[in-house]
A.B. asks: 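The following block contains the structure, expressed as structure tokens.
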Amino acid sequence: MSQLNPQQQAAVRYIDGPLLVLAGAGSGKTSVISNKISYLIETCNIAPRHIAAVTFTNKAAREMKQRVTGLLESKSAKGLTVSTFHNLGLNFIRSERKAFGFKAGFSIFDAEDSRTLIKELTVRDSDLDADHIDRIQHQISHWKNALESPERAFSKAESKGEQAIALIYRRYCEALRAYNAVDFDDLIMLPVTLLQTDGEIRRRWQAKLHYLLVDEYQDTNAAQYELIRLLSGDRNAITVVGDDDQSIYAWRGARPENMAQLKTDFPDLQVIKLEQNYRSTARILDAANSLIANNPHLFEKSLWSDLGFGDPIRLTRCANEEAEAEHVVNEILNMRIEKRCHFRDFAVLYRGNHQARILEMKLQSQGVPYQLSGGTSFFSRTEIKDIMGYLRLMVNPDDDNALLRIINTPRRGIGAATLEKLGAYANRREISLYAAIGEFGMQETLTPQQQEPLEHFKLWFDRVTGNCLSGEPISALREMLDDIDYQGWLYQNTSSDSVAENRMRNIHLLFEQLARTIDDAEQADSLDADGSRAIESAIAKLVVRDLLDRQEEESANDKVQLMTLHASKGLEFPHVFMIGMEEALLPHRSSIEEGNIEEERRLTYVGVTRARQTLNMTLAGKRRQYGETSATIPSRFLDEIPEHHMERYGFGDSTPEQQKQRGKESLDSLKELFA
DNA sequence: AATCCTGGAGTTTTT
DNA sequence: CTCCAGGATT
């Protein structure tokens, strides 16, 4: 506590009502939340099980939990909830499963599963093109995040097309029900609907939660906000921490207006600003402040730091994107020697993932180690989706999606025609595909060659399931892998052996994680009172991910970090490069077209504020895109950074003399600022 | 079931 | 231009 500045301390101590902490970049918000949790436990004597802290990513949740545990002196954190919104929702659904009408072992559909299901639904519906699937999926997700039921969506629809999508939305929900499944959005939406309609359950949860803390509040969507409001009840014991200037996820439903909404919904809201930055030099912060001042603001705030003026921001105009990448690599190599630092101290940030490609080439050719973050996430890799399919079907035989994924992977001679008949029959009888296999009615429609592999599969899978649920799940699963010779199938289906090896490693990683999660589930008592088995809960937890970040941490050796501006939020690096500072790239073309410049500016702001010591910006004079090379225009955001903080290279319009002059002005103005 | 071919898109992404 | 998905072809 003594480590905190007065504002931070005030934010920790204020517990008499709802509190909004406006935490600027690098102002120690994680510290505040962690310290507040420990303060609530140690000083206010609130039992950990009555406190919940909510984050957006597993990584953030894990870090916070760790810090709280480290801060606690005399008490234990046992029973404390620090989890993601989705995890909290999942726990809620699990413990109120019966009220929802789900069977044990319900599946969680990820985006890919949802897409498959929507495709299935639209194909049968001939008056809708299949190429609108992405739009439909997006729209459904949007409705769910806005808490719109299919019925409401239909009645609000403004066109025939929208009505048609609303009808698919309804069938999509029905299908999920039939599959005993929920999707990611349901993890938030379903708890909200139940809390709204069931007073008894609402009171029970409100009685359980005495204090609620929310991180990255500017990223909450309508459903998440409603969940927070319902859980906090009229106790109003709630602290939310956020920064509207770092709201960069409006495109996926985040509503930074939720910050303003708080003032209306909680009239006695206290607001505390954290403006001291412990990360960056004064120049970098002044640049960031000037930039973001071009956005309208609900709450004015201005970051400052006492870490010294620092180096000017360097802006280099390169001939083309190739020269740009080369320049960045050379700079990194030079700076590493000059500043005596490590590769891991550098980050290269960009707007779009494709920008990483040239960079990768140049880094490789110079032998610079790098870590590319982003890319396909662990749980969307084919091998993991395959094995998860087996696991899901094991605990939830109604999950037709899972069955379809794995029934012929590896090949079992069960083809499209067979599945077509099976589907038609199951549909008629209103049972799941798995249940339909081997029924008498089925046998008439299938040829013996079709029937045999199906029934063989079911017999085998029933046995595997039995082994897995009764005895040692992990060894039963390894046995299953041998049975189906999954390894052989991998080697046969991948271009090189190293890819197959890697995939096999991933599967073992998954098993290890599953074993750990089962242990956790067996120990946790409170939320699993519905009598479901540990493995069911473990598989559900796996789907909401907890593996990816862990892997990244392990491999974070001495490597240059490459990532999108979005992915950089929450991180910091001694030396930051922002590349592609051009109109149409940053701000992105589509954002210009949609008139959404403010979010692009915030994105730039996030990038700038990642830097501790130096910030290097680059742009390419000519860029090749869509086959043709054309001249670029420097990003408008560059003009919003005070010229006296910038050192321009490659613009040809400023002599070293002018540079020096600006450098003087810059120092003078900074001195004035700090006088 | 595997492979080739064509067409369309080409921001950001967690759970 | 380059990549991927999905369809068509073998």
Side-chain angles (χ1 to χ4, degrees), chain A residues 54-61 83-91 93 108-116 119 123 129-131 133-134 138 141 144-145 182-189 215-216 219-221 223-224 247-254 321 349-358 373-380 408-417 489 492-493 540-549 552 563-570 580 584-594 596 599-600 602-604 606-607 623-630:
Chain A
V54 196
T55 64
F56 275 86
T57 63
N58 287 311
K59 192 175 163 195
S83 75
T84 62
F85 271 100
H86 293 266
N87 229 319
L88 184 75
L90 172 62
N91 284 334
I93 297 175
I108 300 168
F109 276 29
D110 68 11
E112 196 189 323
D113 299 316
S114 298
R115 195 173 188 280
T116 316
K119 202 155 57 176
V123 163
D129 294 314
D131 33 297
I133 287 170
D134 283 335
H138 186 256
S141 172
K144 288 195 175 191
N145 288 150
V182 299
D183 67 15
F184 275 140
D185 298 322
D186 285 338
L187 292 177
I188 314 293
M189 185 193 185
D215 189 19
E216 302 280 13
D219 288 342
T220 51
N221 60 35
Q224 285 157 340
S247 161
I248 53 175
Y249 286 112
W251 53 272
R252 65 175 196 210
E321 70 259 54
L349 311 181
Y350 36 81
R351 177 68 234 256
N353 278 312
H354 62 275
Q355 290 175 266
R357 291 187 69 219
I358 319 171
S373 86
T376 11
S377 78
F378 188 80
F379 281 85
S380 46
N408 213 22
T409 311
R411 307 263 166 252
R412 291 189 178 88
I414 300 170
W489 156 258
Q492 202 189 326
N493 283 281
K541 289 223 163 78
L542 272 187
V543 181
V544 287
R545 318 230 156 137
D546 205 10
L547 200 54
L548 180 72
D549 324 318
E552 271 175 17
M563 66 189 80
T564 62
L565 287 160
H566 282 93
S568 76
K569 195 171 78 150
L585 257 182
L586 185 67
H588 194 272
R589 197 155 124 218
S590 28
S591 297
I592 298 174
E593 280 160 12
E594 290 162 27
N596 194 10
E599 183 145 315
E600 297 287 310
R602 290 192 291 267
L603 200 48
T604 312
V606 166
R623 189 172 290 272
R624 209 176 64 181
Q625 47 188 349
Y626 312 149
E628 62 193 75
T629 307
S630 52

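In what follows, chains carry the letters A, B, and so on, assigned in the order in which the sequence lines appear, proteins first and then strands, with residues in each chain numbered from 1.
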A.B. asks: Can you check whether A:A250's main-chain N or O pairs, donor with acceptor, with A:E599's side chain at less than 3.5 Å?
C.D. replies: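 Yes, the answer is positive, given that a donor and an acceptor are paired below the 3.5 Å cut-off.
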
A.B. asks: Identify whether any heavy atom of A:D185 sits under 4.0 Å from a base atom; if not, whether one sits that close to sugar-phosphate; answer base, sugar-phosphate or nothing.
C.D. replies: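 Touches nothing.
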
A.B. asks: For the base of C:dC1 and the side-chain ring of A:Y626, does the geometry meet a stacking cutoff of under 5.5 Å between centres and under 30° between planes?
C.D. replies: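 Taking the rule of under 5.5 Å and under 30°, the ring of A:Y626 does not stack on C:dC1.
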
A.B. asks: What contact category does A:S590 fall into here, base, sugar-phosphate, or nothing, at under 4.0 angstrom with non-hydrogen atoms?
C.D. replies: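 The residue A:S590 makes base contact.
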
A.B. asks: OP1 or OP2 of B:dT11 sitting under 4.0 Å from any side-chain N/O of A:R252?
C.D. replies: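 So the side-chain polar atoms of A:R252 never come under 4.0 Å of the phosphate oxygens OP1 or OP2 of B:dT11.
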
A.B. asks: Sticking with atom C1', work out how far C:dG6 lies from B:dT11, rounded to a whole angstrom.
C.D. replies: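 Taking atom C1' in both C:dG6 and B:dT11, they lie 23 Å apart.
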
A.B. asks: What's the closest nucleotide to the side chain of A:R411 if the choices are B:dT13, B:dA2, C:dC3?
C.D. replies: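 The listed nucleotide nearest to A:R411's side chain is B:dA2.
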
A.B. asks: Under 4.0 Å between a side-chain N or O of A:H86 and OP1 or OP2 of B:dT15?
C.D. replies: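 For A:H86, the contact criterion (side-chain N or O under 4.0 Å from OP1 or OP2 of B:dT15) is not met.
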
A.B. asks: Heavy atoms under 4.0 Å, any strand shown: does A:R602 hit a base, just sugar-phosphate, or nothing?
C.D. replies: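 Result for A:R602 = nothing.
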
A.B. asks: Between A:K569 and B:dT14, is there a contact of a side-chain N or O with OP1 or OP2 at under 4.0 Å?
C.D. replies: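 No, no such contact exists.
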
A.B. asks: Could you tell me whether the side chain of A:R602 and the main chain of A:I248 form a donor-acceptor pair under 3.5 Å?
C.D. replies: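 Not a single qualifying donor-acceptor pair exists.
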
A.B. asks: Just to be sure I understand the rule, does A:E594 reach a base, reach only the sugar-phosphate, or reach nothing, if contact means heavy atoms closer than 4.0 Å?
C.D. replies: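 Base contact.
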
A.B. asks: Please tell me which of the listed nucleotides, C:dC3, B:dT12, B:dA1, lies nearest to the side chain of A:N408?
C.D. replies: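 The answer is B:dA1.
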
A.B. asks: If you only use heavy atoms from C-beta on, which nucleotide in C:dC1, B:dT15, B:dT13 is closest to the side chain of A:T84?
C.D. replies: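 Nearest listed nucleotide: B:dT15.
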
A.B. asks: Which is true for A:R589 with a 4.0 Å heavy-atom rule: it touches a base, it touches only sugar-phosphate, or it touches nothing?
C.D. replies: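 A:R589: no heavy atom of the nucleic acid under 4.0 Å.
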
A.B. asks: Can you give one letter per nucleotide of nucleotides 3-9 of chain B, going 5' to 3': B for a protein heavy atom under 4.0 Å from the base, S for sugar-phosphate only, - for none?
C.D. replies: -------

A.B. asks: Between B:dA2, B:dT13, B:dT11, which nucleotide has the shortest distance from any of its atoms to the side chain of A:S591?
C.D. replies: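 Per side-chain heavy atoms of A:S591, the pick is B:dT11.
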
A.B. asks: So, OP1 or OP2 of B:dT15: does either fall under 4.0 Å of a side-chain N or O from A:N58?
C.D. replies: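 Yes, such a contact exists.
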
A.B. asks: Below 30° counts as parallel, above 60° as perpendicular, anything between as tilted: where do the rings of A:F85 and A:F56 land?
C.D. replies: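 The rings of A:F85 and A:F56 sit tilted, inter-plane angle from 30° to 60°.
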
A.B. asks: A:R624 side chain: which of B:dT11, C:dG6, C:dC1 is closest?
C.D. replies: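 Looking only at heavy atoms from C-beta outward on A:R624, the closest nucleotide is C:dC1.
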
A.B. asks: Is any side-chain heavy atom of A:N87 closer than 4.5 Å to one of A:K541?
C.D. replies: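 With C-beta onward as the side chain, the pair touches.
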
A.B. asks: Measuring from the side chain of A:H566 (C-beta onward, heavy atoms only), which nucleotide among B:dT15, C:dT2, B:dT12 has the closest atom?
C.D. replies: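 Minimum distance to the A:H566 side chain belongs to B:dT12.
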
A.B. asks: What's the closest nucleotide to the A:W251 side chain, out of B:dT15, C:dG6, B:dT12?
C.D. replies: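 Among the listed nucleotides, the one closest to the side chain of A:W251 is B:dT12.
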
A.B. asks: In whole Å, what separates the C1' atom of C:dC3 from that of B:dT14?
C.D. replies: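 After rounding to an integer number of Å, I get 24 Å for this pair.
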
A.B. asks: Would you mind classifying the nucleic acid contact of A:N596 as base, sugar-phosphate or nothing, using non-hydrogen atoms under 4.0 angstrom?
C.D. replies: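 Touches nothing.
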
A.B. asks: Does B:dT11 have its OP1 or OP2 closer than 4.0 Å to a side-chain nitrogen or oxygen of A:H354?
C.D. replies: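 Yes, A:H354 has a side-chain N/O under 4.0 Å of OP1/OP2 on B:dT11.
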
A.B. asks: Quick check on B:dT15: is either OP1 or OP2 less than 4.0 Å from any side-chain nitrogen or oxygen of A:N87?
C.D. replies: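 No, no such contact exists.
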
